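Both counts, for ligands and for their atoms, begin at 1 and track the order of listing. Nothing here was measured: the structure is a model prediction, and the numbers come from that model.
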Amino acid sequence: MNEPQRTALITGASAGIGEAFARMLAQEGYNLLLVARRAERLQTLATELADQHGIQCQSFAADLTDPASPAAIIEHATGLGIAIDVLINNAGLSAKDAFATTPWAKHAADIQLMVTGLTELCHRVLPGMQARGWGRIINLSSIAALAPPGASLLYTGIKSYVLNISQSLDMELKPQGIHVTALCPGFTRTEFHDVMDTRDQADNLPAILWQDADDVVREGWQAVMKGKPVCVPGSVNKIVAASMLPLPVSVRYMLGRSMNPFKHTQ
Ligand SMILES: NC(=O)c1ccc[n+]([C@@H]2O[C@H](COP(=O)([O-])OP(=O)(O)OC[C@H]3O[C@@H](n4cnc5c(N)ncnc54)[C@H](OP(=O)(O)O)[C@@H]3O)[C@@H](O)[C@H]2O)c1
């Protein structure tokens with residue numbers, strides 16, 4: 001059991017990997033601040049986890065595509081006297097539509113959610129972590145950051161940014177007791193493909209490629225506690241990532257063009 005007074009801020013805690021992190025950290029005795037847009041789901045989960053584990057569990061509804069949200073979340077925590085010791089930057093989604101015909105506002109919102117907002121939250125929690133000499137940050141990247149790029153997927157570039165910035169932050173901050181890990185899951189059973197509207201294509205993929213969110217979360221948490229800057233959870237994902245990385249750029253491009261199962265069809 002970890003020290004019960006430590007608090008974890010989890011974004012995207014209303015479903016999937018974020019919810020699995022909330023359940024795992026509650027079991028470990030962490031207090032929680034849960035963030036997502038669906039207030040009711042968050043509040044139900046917060047009440048359940050507080051009752052089950054005797055922890056303090058708060059929820060805060062926020063849309064992280066709003067540039068004001070990261071500051072509002074931290075101000076809310078400060079107002080409640082909550083210090084953030086663990087940050088799980090998890091909220092995210094992907095789209096499958098053509099880049100050129102998708103309105104810029106949609107691209108800008110995705111970048112705000114998974115790049116700017118994620119980075120700002122890291123920046124805002126660091127002063128407190130530095131003062132206490134302890135912090136753990138997990139940023140949700142994806143195996144997409146290590147695999148060949150896919151047509152139209154802004155997501156690949158976004159998750160590559162997350163993979164790289166996490167390693168840079170870890171290098172800077174580890175001497176101060178703060179570990180940063182880029183967690184790079186492969187296909188994980190969550191609501192992700194329902195939101196992306198690729199459920200049919202996803203369901204046709206071989207079962208061996210899929211993991212449960214609980215397994216992803218367990219391996220990600222072990223990685224950050226051990227100070228590993230990158231975690232690719234699951235043996236199959238590790239083999240896929242390791243076999244793709246040494247390929248020449250031209251071969252990766254060719255594979256990405258022919259293999260992306262979520263290509264837009266317009
Ligand atoms: N599932 C996979 O196969 C997979 C693979 C690799 C990486 N990942 C990454 O893992 C992370 C979690 O995804 P998941 O698979 O757990 O998907 P999910 O089940 O769809 O959950 C996504 C979470 O993000 C939240 N979210 C989405 N947009 C938001 C916004 N604008 N503001 C605040 N919260 C928002 C959602 O909550 P609300 O809708 O309530 O706001 C939800 O809690 C993502 O970053 C994703 O890219 C997933």
Check if [X] has a non-hydrogen atom at a distance under 4.0 Å from any atom of ligand 1.
| X | answer |
| --- | --- |
| R41 | no |
| N90 | yes |
| A62 | yes |
| S141 | yes |

Heavy atoms of other groups near Q56 CD, more than 12 under 6.0 Å: no
What do you reckon, is NE2 of H123 surrounded by more than 12 foreign heavy atoms closer than 6.0 Å? no
Determine whether the aromatic ring centres of F192 and Y155 lie less than 6.0 Å apart. yes
In ligand 1, which numbered atoms sit nearer than 4.0 Å to a non-hydrogen atom of P185? 5 (C), 6 (C), 7 (C)
Note the single closest protein heavy atom to atom 34 (N) of ligand 1, along with its residue, its atom name and the distance in Å. A91 CB, 3.7 Å
Looking at non-hydrogen atoms alone, which of [options] comes nearest to [atom]?
| atom | options | answer |
| --- | --- | --- |
| atom 8 (N) of ligand 1 | F21, Y155, F187 | Y155 |
| atom 3 (O) of ligand 1 | T188, I143, I158 | T188 |
| atom 24 (O) of ligand 1 | G16, S94, G92, A20 | G92 |

Can you list everything that forms a side-chain hydrogen bond (donor to acceptor under 3.5 Å, both in side chains) with D214? Sequence neighbours excluded, please. none
With R136 as the cation and W134 as the aromatic partner, state whether NZ or CZ is under 6.0 Å from the six-membered ring centre and within 45° of the axis. yes
Name the residue from I88, V86, I74 that meets the side chain to side chain contact (heavy atoms under 4.5 Å, CB included) definition with L9. I74
Heteroatom distance test (A36, ligand 1): nitrogen or oxygen, under 3.5 angstrom: no
Only distances under 3.5 Å count here; give the side-chain donor-acceptor pairs of residues 180-189 to other protein atoms, sequence neighbours excluded, each with its distance to 0.1 Å.
residue	atom	partner	partner atom	Å
T181	OG1	K228	O	2.6
T188	OG1	G186	O	2.8
R189	NH1	D212	OD1	2.7

